[in-house]
Amino acid sequence: MSADPLSPFALLVARTARDLGENAYGVTIRARLCRMQNHSVSLGAVYVALWELEERDVLRGQEEEGGPERSGRPKRYYYPGPRYPEEVPE
């Protein structure tokens with residue numbers, strides 16, 4: 001385990017990404033968090049947590065091609081990484 005534990009918000013983001021499965025990307029993670037918390041959550045805060053989680057191998061990100069609705073821009077999906085079980089208690 002890392003020297004510094006994950007913040008409560010990062011843990012919430014990691015669990016939400018896991019729960020969303022193949023539909024876990026920044027916008028859907030934020031939308032689920034907003035519904036769960038019953039208030040607005042900054043997309044920037046979500047991405048900061050995602051970057052930290054990816055850096056620590058708790059989540060892994062994978063870019064996939066974007067469709068015509070995104071003008072071909074890729075979308076980054078998140079999945080549990082190799083350190084998810086030890087970093088994110090159930």
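Residue numbers count from 1 along this sequence.
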With sequence neighbours left out, what residues match [X] under side-chain hydrogen bond (donor to acceptor under 3.5 Å, both in side chains)?
X	result
Q62	R60
Q37	none
Y84	R18

To check you understand the geometry: which heavy-atom pair defines the closest contact between [X] and [Y], and what is its length?
X	Y	value
P85	G81	CD-O, 4.0 Å
G61	Y78	CA-CD2, 3.9 Å
P89	L11	CD-CD2, 4.2 Å
A10	A49	CA-CB, 4.2 Å

> Do you know which of L53, V58, L12 makes side-chain contact (heavy atoms from CB on, under 4.5 Å) with V88?
Replying inline: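 Looking at L53, V58, L12, the match for V88 under the side-chain contact (heavy atoms from CB on, under 4.5 Å) is V58.
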- prompt: According to the side chain to side chain donor-acceptor pair (under 3.5 Å) rule, which pairs have a member within residues 45-54, sequence neighbours left out?
  reply: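 Side chain to side chain donor-acceptor pair (under 3.5 Å) check on residues 45-54 returns E52-R56, E54-R76.
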With a cut-off of 6.0 Å (strictly less than), are more than 12 heavy atoms of other residues, nucleotides or ligands near CD of E22?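 Not more than 12 within 6.0 Å, no.
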- Item | OG1 on T28 to CG on D19, rounded to 0.5 Å |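 If we round to the nearest 0.5 Å, D19:CG and T28:OG1 are 11.5 Å apart.
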Quiz item: If you measure from SG on C34 to CD1 on I29, what distance do you get to the nearest 0.5 Å?
Solution: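 Answer for the SG-CD1 pair, C34 versus I29, is 12.0 Å.
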*asked:* Can you list everything that forms a side-chain contact (heavy atoms from CB on, under 4.5 Å) with R35? Sequence neighbours excluded, please.
replied: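 Scan of R35 (side-chain contact (heavy atoms from CB on, under 4.5 Å), adjacent residues dropped) gives A31, R32.
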task: With sequence neighbours excluded, give me every ring-ring contact (aromatic ring centres under 6.0 Å, His included) pair touching residues 16-44.
output: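 Output for this query lists Y25-Y77.
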